[in-house]
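Encoded as structure tokens, the structure appears first; notes follow it.
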Amino acid sequence: MDRSIHLVVVQFKPRKGEYATNLARLAGIFSQIDSLDPRPDVAVFAETALTGYFVEGGVRDVATTAGAFARDLQAQYASAVTTPRPLDVCIGFYEVWNNAFYNSALYVTLGGDQPVIRHVHRKLFLPTYGMFDEERFVDRGFEVRAFDTPWGRAAMLICEDAWHSLTGTVAALDGATMVFVVSASPARGIWPREDEGPVPANLKRWERLACDMAEEHGVFVALVNLVGTEGGKTFAGGSIICGPHGDVRARAPLWDETIMTISLDPQDLTRARSDAPLLTDLQTMMPHLMRTVDRIQAGERLELSYDDEPTDGGPLTPASRSAGADRVAATKRPAKSSKRGADKAEASRNGTEPIAVMRAPESRSGPPPLEIDPELTAGWLVSFLREEFERRGFEKAVVGLSGGVDSAVTAYLSAQALGKENVVAVRMPYRSSNPDSLAHAQLVIDELGIQPRTIDISPAVDGYLASEPDADPARRGNVMARERMIVLFDQSAKYHALPVGTGNKTERLLGYFTWHADDSPPINPLGDLFKTQVWELAKFLGVPEVIVSKPASADLIAGQTDEGDFGISYAKADKILNWLVSGYSPSSLVARGFDPDMVELVRKRLAGTHWKRKLPTVALLSLTGIGESYLRPVDY
């Protein structure tokens, strides 16, 4: 008799905040699952699968009780599956329970007269740092428990729960043989890694966590991720199934919705636990470890006992607080040894020759590398563009094509994402613009076969500046930049197309853009890439070399170059910025050998332009200030 566990992982792409729309899609998915052979016992979806994750204050709009959620799932299942066969479903959702909101996971059996709820897990560890603000909007749970299912005993964890190794331990000690980890972790990290392929860096970390949990406890682990984008944050998918030896049994693709099936043999658990009985060892030692934990929690200090000093009881008896109370463990500093003494150790393998001394290089942490995996980066950004255009209901893009590398890369990515017939390249020269700018933009148009428009902004700019004859070059440049955005947004209305931004991370951090001009387009694929990374991506995409290699210029003033305006090269600025935005102080950079004048130049520009990267400051008068108390994400 086949006793395999037939599992199906569903990488699902929800529409943000649209619970009813996403729920309605489940009927088709349940129908697909019902037709599979072998038919799955359990279907696993990701964290917040039917609402999206970053809903902020919208939690109160989309949260539901576990019972209501189970009935909604049952209705979709009944409408799609005519056979009486049941199906277990593990799925993440925002829950309202006991007058509070939670990020929860439901395990329910569908297909009978009523849904049978087997367990509800409420997320314990709520990330509230970096891009995350979860504890502001939901309460935390306080338990990890295993539960019985028709095919065995399981446990559920939600995203960061799994980053704390103790949660997997608790689940295994409670008898779980399968741990479902449902996650909505945005992809991060585009630098290349040897022998790992084009995969976001944090996804590989997730894989290590899941495999370590499986191997340490001799359990199966199913890690299921969302796919899609939310406000520029991309969920990569790449869900995996780990076996109890810590091996990856199956891996779903990046970026795309997928239904992945696998059959698991429970006998693998027996073999793994026999090969490495770590869980049995832990069960034996758990009472002793728990006593130690209790003492640590109570603030007891260590009472050191060794040699033949008398103690109350034997080795299995906990030392009393009174025994040896006057002996508190002290850690002695090791005696200093000279370099000569270290290099000429007396001990040796054969008693006559010193043991070789190996000196490790100095180890100091640093920021993520600037080098990128261009294949991963290109695929990531193409997926981002497709998702954003689909979500916003647009098929066409308008790109201001300047003849520079940033706008060229944006055009190449847009053509890949949307098709060349759906990209309109708008050249907007001023009468003093460098002729090479038009020519280089034309190279991109010809290479990609995208639709061109050329609109001379000279009459509009000169018409305004005629009344401002004293305008200095900076004011004139800002007028040109803002006029170009007027043109771009008007062309977007003409073509029913979405404007795509072209500014890179270096420009944004240094404030090298015109406020409410270059930064105006609603989406920007390059905004988190330093300039040197854009150049690397441009070479991979096949942007003409003449564009990649020429000095970067805003082309607002004759002879102008970006690096001339900065007073520092992009290569040097990017290195310094990478350290600064990763949390390192200017003094620590100088200590690492950076030029102090260059560090100060970059620091001042970074610190003096925060206002350009924020929305206007609004006087807060009410209890429902937009962006302060009334919080909804940009894509809600």
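Quick caveat: nothing in here was measured; it's all calculated off a predicted structure.
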Quick one: does [X]'s side chain have a donor or acceptor within less than 3.5 Å of a partner on [Y]'s backbone?
X    : Y    : value
R386 : Q416 : yes
R122 : R140 : no
N524 : G503 : yes
T234 : A236 : no
E56  : F137 : no
N578 : P369 : no
E18  : R15  : no
T258 : M260 : no
Q11  : P253 : yes
T64  : V62  : no

Inset, instruction - Could you name each residue pair satisfying ring pair (Phe, Tyr, Trp, His ring centres under 6.0 Å) that touches residues 380-426, not counting sequence neighbours? - result: W255-W380, F394-H496

Find out whether [X] and [Y] are in side-chain contact, i.e. whether some heavy atom of one side chain is under 4.5 Å from a heavy atom of the other.
X    : Y    : result
I241 : V221 : no
P192 : E371 : yes
Y570 : D562 : yes
L73  : L26  : yes
S239 : W206 : no
K531 : V405 : yes
R453 : V424 : yes
T377 : L529 : yes

Inset, instruction - Begin with the C-alpha distance, continue with both residues' side-chain angles, and end with the deciding distance and a verdict on side-chain contact (heavy atoms from CB on, under 4.5 Å) for L623 and S629. - result: CA-CA 7 Å; L623 299 176; S629 302; 5.8 Å; no

Any side-chain donor-acceptor pair under 3.5 Å between [X] and [Y]?
X    : Y    : result
Y512 : D565 : yes
T410 : T502 : no
T229 : E387 : no
D574 : T532 : yes
Y53  : N103 : no
D446 : Q442 : yes

Mind checking the [atom1]-[atom2] spacing from [X] to [Y]? Nearest 0.5 Å is all I need.
X    : Y    : atom1 : atom2 : value
I486 : I457 : CD1   : CD1   : 9.5 Å
I547 : D406 : CD1   : CG    : 11.0 Å
L23  : T51  : CG    : OG1   : 11.5 Å
I91  : F69  : CD1   : CZ    : 4.0 Å
S383 : D256 : OG    : CG    : 7.0 Å
I240 : C242 : CD1   : SG    : 3.5 Å

Please check if the number of heavy atoms outside [X] that lie under 6.0 Å from its [atom1] is greater than 12.
X    : atom1 : answer
E421 : CD    : yes
R60  : CZ    : no
K505 : NZ    : yes
K572 : NZ    : no
L620 : CG    : yes

Legend entry - Whether W515 and W611 hold their rings parallel, tilted or perpendicular, with breakpoints at 30° and 60°: perpendicular

Residues [X], [Y]: salt bridge by 4.0 Å N-O rule:
X    : Y    : answer
E257 : R25  : yes
E134 : K123 : yes
R632 : D61  : yes
R392 : E388 : yes

Inset, instruction - Establish, yes or no, whether the cationic atom of K612 lies under 6.0 Å from the six-membered ring centre of F513 and within 45° of the ring axis. - result: yes

Inset, instruction - Establish, for the pair K16 and F54, whether the NZ or CZ atom is under 6.0 angstrom from the six-membered ring centre and no further than 45 degrees off its axis. - result: no

Kindly give the heavy-atom pair with the smallest separation between [X] and [Y], and that separation in Å.
X    : Y    : answer
A378 : F540 : CB-CE2, 3.9 Å
D161 : L124 : OD1-N, 3.0 Å
S79  : A27  : OG-CB, 3.8 Å
S492 : V398 : CB-CG2, 3.8 Å
A46  : S183 : CB-O, 3.4 Å
L376 : I190 : CD2-CA, 4.0 Å

Inset, instruction - Report the residue from I455, I445, D456 that forms a side chain to side chain contact (heavy atoms under 4.5 Å, CB included) with R427. - result: I445

Legend entry - salt bridge (Lys or Arg N to Asp or Glu O under 4.0 Å) evaluation trace for E207 with R251: CA-CA 10 Å; E207 182 176 313; R251 180 181 286 109; 2.8 Å; yes

Inset, instruction - Check step by step if side-chain contact (heavy atoms from CB on, under 4.5 Å) holds for R508 and D519. - result: CA-CA 8 Å; R508 295 177 67 216; D519 63 329; over 6 Å; no

Inset, instruction - Take F101 and D139, measure what side-chain contact (heavy atoms from CB on, under 4.5 Å) needs, and give me the verdict at the end. - result: CA-CA 6 Å; F101 298 113; D139 286 3; over 6 Å; no

Inset, instruction - For the pair T128 and D133, evaluate side-chain hydrogen bond (donor to acceptor under 3.5 Å, both in side chains) and give the outcome as yes or no after the intermediate values. - result: CA-CA 4 Å; T128 306; D133 203 14; 5.1 Å; no

Inset, instruction - Go through R605 and T609 one step at a time and tell me if the side-chain hydrogen bond (donor to acceptor under 3.5 Å, both in side chains) criterion holds. - result: CA-CA 6 Å; R605 288 203 65 131; T609 55; over 6 Å; no

Legend entry - Chi angles and distances behind the side-chain contact (heavy atoms from CB on, under 4.5 Å) call for L418, L385: CA-CA 8 Å; L418 308 172; L385 287 169; 5.5 Å; no

